[in-house]
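Working notes for the structure below.
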Amino acid sequence: MPLRTNFSRFKEPRGFIKVIQFVIAIFAFSTTAGYNSEYTVSLPCQPSTSGPNQHITVTFRYSFSVIDINTKCPSFPDTDDLPSRLKSSSEFFVFVGVISFLYCIIAMVYYICFEDPAKYGPGGTGRALISFSTLDFGVTILLTLFWFCASAAWAAGITKLKDETDAEKYCKLLVKCSVTDKANYAGLIISVLFGFLSCFLWGANVWFVFKETIWHKEPGATTTAEQPQVEIPRQEVPGEPMP
């Protein structure tokens, strides 16, 4: 039996929002997982002499488990890599993004290839408790909560990252230190914005997914089903007597 495809679902809010969620999820987790930044400070290796300055490069990237410090200058107080406490929040954010990305693919494939237009949508019949619509409704609520928690945690994590990688803070500990190249946090800020946007989209889609479940009743559908038409018996009137 040939596979029949139906793209009309993407003309409705439930399907159209899935496409937007798919795109935003990619941007959200890719801007975090692909993040890599560094800053450079300059200071003399021997403050008592007027020799050339030594450049110290501090690098940090996903999953932010350590902050790499690259230098051979003994004037720097601590040249070991610094531990970071942001691994869990960044990995959770990326995890939610990847899970949302994969689920959107599954949902869109089901809408196109397997969903029966006669059973779902406006005026559809045949909705059941055990169905993809019920699963879709539960997953949508769950991912809405996940996106909110992950975005809030990652927003707080970026604030901690800025504090841990503050170049001015390290320069206060050094002699004749100057910041020559500052870190760029724009990619991480954008990832948080995508995270909260995803939370809004998944939350907005809860209503449209709920309308396809067995718990949603269309106006007038119950009344029509429970009150069948009753034929009123016709009263026969006796005819006039023949003359």
Side-chain angles (χ1 to χ4, degrees), residues 20-45 53-104 142-203:
I20 302 177
Q21 290 171 336
F22 172 79
V23 176
I24 297 299
I26 294 176
F27 286 134
F29 76 77
S30 62
T31 50
T32 301
Y35 179 81
N36 184 12
S37 185
E38 65 180 27
Y39 67 86
T40 304
V41 296
S42 177
L43 74 160
C45 283
N53 287 353
Q54 171 72 30
H55 293 285
I56 302 172
T57 303
V58 180
T59 306
F60 45 98
R61 63 181 64 85
Y62 178 82
S63 60
F64 309 99
S65 56
V66 294
I67 300 175
D68 301 324
I69 301 175
N70 303 316
T71 180
K72 296 180 180 179
C73 181
S75 302
F76 197 68
D78 185 10
T79 56
D80 295 331
D81 293 341
L82 300 177
S84 177
R85 297 166 295 177
L86 306 177
K87 182 177 181 181
S88 58
S89 58
S90 63
E91 288 184 342
F92 179 59
F93 185 83
V94 172
F95 168 78
V96 175
V98 173
I99 291 298
S100 300
F101 163 77
L102 295 176
Y103 179 72
C104 286
L142 186 64
L143 287 178
T144 301
L145 298 176
F146 273 18
W147 271 117
F148 177 77
C149 296
S151 301
W154 185 221
I158 293 176
T159 302
K160 294 180 181 179
L161 179 66
K162 289 182 177 180
D163 181 67
E164 293 179 357
T165 58
D166 186 7
E168 301 292 344
K169 180 179 68 174
Y170 289 116
C171 276
K172 293 178 182 179
L173 304 176
L174 305 174
V175 179
K176 299 180 181 180
C177 174
S178 60
V179 180
T180 59
D181 187 15
K182 293 186 178 180
N184 185 5
Y185 303 96
L188 297 183
I189 296 174
I190 292 175
S191 69
V192 171
L193 294 179
F194 280 131
F196 282 110
L197 178 59
S198 294
C199 178
F200 171 77
L201 288 173
W202 285 92

Considering all heavy atoms, the nearest S151-F93 contact: OG-CE1, 3.8 Å
With A183 via side-chain contact (heavy atoms from CB on, under 4.5 Å) - residues at least two apart: S37, Y39, F60, Y185
Do any side-chain atoms of residues 189-201 form donor-acceptor pairs under 3.5 angstrom with protein atoms, and if so which ones, sequence neighbours left out?
{"from": "S191", "atom 1": "OG", "to": "T32", "atom 2": "OG1", "distance (Å)": "3.2"}
{"from": "S191", "atom 1": "OG", "to": "W154", "atom 2": "NE1", "distance (Å)": "3.2"}
{"from": "S191", "atom 1": "OG", "to": "L188", "atom 2": "O", "distance (Å)": "2.5"}
{"from": "S198", "atom 1": "OG", "to": "F194", "atom 2": "O", "distance (Å)": "3.0"}

Minimum heavy-atom distance between I26 and F101, given as atom pair plus value: CG1-CD1, 3.5 Å
Name of the residue among S90, S88, S89 meeting side-chain contact (heavy atoms from CB on, under 4.5 Å) with S63: S90
pair F22-Y103: side-chain heavy atoms closer than 4.5 Å: no
Counterpart residues, side-chain contact (heavy atoms from CB on, under 4.5 Å), relative to F95 (two or more places apart): F92, I99
Partners passing side-chain hydrogen bond (donor to acceptor under 3.5 Å, both in side chains) against Y62 (at least two apart in sequence or in another chain): none
All pairs passing side-chain hydrogen bond (donor to acceptor under 3.5 Å, both in side chains) where residues 20-29 contributes a residue, at least two apart: none
T31 side-chain N/O to A28 backbone N/O, donor-acceptor pair under 3.5 Å: yes
Rounded distance (nearest 0.5 Å) linking atom CG of L161 with atom OH of Y35: 6.5 Å
Atom of F27, atom of S30 and distance for their closest heavy-atom approach: O-OG, 3.3 Å
side-chain hydrogen bond (donor to acceptor under 3.5 Å, both in side chains) partners for W202, two or more places apart: none
